[in-house]
Amino acid sequence: MIDLGHLDLRYTFECGQAFRWRRREDWWVGVIGEHVVRLREEEGGIEVASGISKAALRRYFRCEDDLARILNDISRDAYVAGLVKRFAGLRLLRQDPWECCASYILATNANLPRIKNMVETVCLTFGNELDDGLFSFPSPEQILDKAHFAQTCGLGYRCPHFLEFARHVHRGELDFDEIKRMSYAECHAHLKHFDGIGDKVADCVSVFCFDHLEAFPIDVRIGKALEQRYHFTGSYKKLSASSREHFGPYAGYAQEYIYFAEDRENSSAITRPGS
DNA sequence: AACCAGGTCTCGA
DNA sequence: TCGAGACCTGGT
């Protein structure tokens, strides 16, 4: 049993920030680094079945974030204030930079189910089998050692960007520790130099693995929400500036609550037509 | 059966 | 700096 603070596993894993968590009966099963992790909510904490250290788990779940204070800070309008109440316990995760960047290069112009499939196929093709049917996310070297198999992963036109990114990391052309020391603006600009990383992906990885909680990724759905609910318009750059100004230093948290809410709204509209 | 998807790239104005 | 088109492919 471990106390990870206020945490709702379902909201946190279903909101689309990470692609590899699955519900298996009453456990959430995922892979962090080379560890299979099984988690279950119990009274008074989270039950953990894994060899991973508690410190690593606390780090992954950003336990140093004062969630109550952050949610209070982003509740700057009625819409987000309502979402924060509905989905309290949704936490941002601190993902591994290599895995996060590589995954989000795959996450362009595809829907969530397909993205999950692509990532899972990559793990199955190149990663280490850790447990029955559970694979680690492969290292750049594991991918490059049999790069020709990438064609069989259904990545489409993302494939060359994915492989090229693995090569850049393998050659040491990205220093993730150095990027972590950059400001948000520097981090975002630096990442955009790599093929397959544009404004949106740069923002995703800025907030999901480089600790820039003010980053506010804008995909088509968030763009619609910004227009309809806030009347924000214009280029990505303008929308980004407006959003960060409105939501403040924890804009990334606000973005994730909005994305999750819009996603649920969207899927329930399809599931229950009419009314 | 079309439409669309956690976009990016290239190119012209 | 901005907008328009093309783009792999699988979900829905």
Would you indicate what A:Ala110 reaches in the nucleic acid, counting non-hydrogen atoms under 4.0 angstrom: base, sugar-phosphate, or nothing?
base
Sidechain N-carboxylate O distance under 4.0 Å for A:Glu141, A:Lys146
no
A quick test of your reading: do over 12 heavy atoms of other residues, nucleotides or ligands sit less than 6.0 Å from CD of A:Glu164?
yes
In plain terms, say whether A:Arg229 and A:Glu262 are close enough for a salt bridge, that is, a side-chain N and a carboxylate O under 4.0 Å apart.
yes
Check every strand shown and say whether A:Cys153 touches a base, only sugar-phosphate, or nothing at a heavy-atom separation below 4.0 Å.
nothing
Are any of the side-chain nitrogens in A:Arg40 or A:Asp26 under 4.0 Å away from the carboxylate oxygens of its partner?
yes
Indicate, with a heavy-atom threshold strictly under 4.0 Å, whether A:Gly156 touches base, sugar-phosphate, or nothing.
base
Select one nucleotide: of B:dA5, C:dC7, C:dT9, the one nearest the side-chain heavy atoms of A:Lys224.
B:dA5
With the side chain defined as heavy atoms from C-beta on, A:Val201 is closest, among C:dT9, B:dT8, B:dA5, to B:dT8
Of B:dT8, B:dA5, C:dC8, the nucleotide closest to the side chain of A:Lys200 is B:dT8
Assign each of A:Ile218 and A:Lys192 the nucleotide of DNA chain B bearing its closest heavy atom; nearer the 5' end lies the nucleotide of A:Ile218
Select from A:Asn109 and A:Pro113 the residue whose nearest nucleotide in DNA chain C is closer to the 5' end of that strand.
A:Asn109
Tell me whether A:Glu120 is salt-bridged to A:Arg22, with the criterion being a basic N under 4.0 Å from an acidic carboxylate O.
yes
Centre of A:Phe216's six-membered ring, under 6.0 Å away, within 45 degrees of the axis: is that where NZ or CZ of A:Arg244 sits?
no
Would you state whether a donor and an acceptor, one from the side chain of A:Tyr236 and one from the base of B:dG7, lie under 3.5 Å apart?
no
Pairwise 5' ranking along DNA chain C for A:Thr108 and A:Asn111, keeping only the more 5' one:
A:Thr108
Closest approach to the side chain of A:Val220, judged atom by atom: which nucleotide of B:dG7, B:dC9, C:dT9 is it?
B:dG7
Is A:Asp8 salt-bridged to A:Arg91, going by a charged N under 4.0 Å from an acidic O?
no
Reckon A:Asp199 touches a base, only the sugar-phosphate, or nothing at all at heavy-atom distances under 4.0 Å?
sugar-phosphate
Applying a 4.0 Å non-hydrogen cut-off, can you work out what A:Glu256 is touching in the nucleic acid: base, sugar-phosphate, or nothing?
base
Which string of ( ) [ ] | and . matches DNA chain B, if you list each base 5' to 3' and count Watson-Crick or G-U pairs only when both distances are under 3.5 Å?
.||||.|||||||
Just call it for A:Arg158: base, sugar-phosphate, or nothing, with non-hydrogen atoms closer than 4.0 Å on any strand.
base
Which part of the nucleic acid, if any, lies within contact of A:Gly196, taking any heavy atom under 4.0 Å across all strands shown: a base, the sugar-phosphate backbone alone, or nothing?
sugar-phosphate
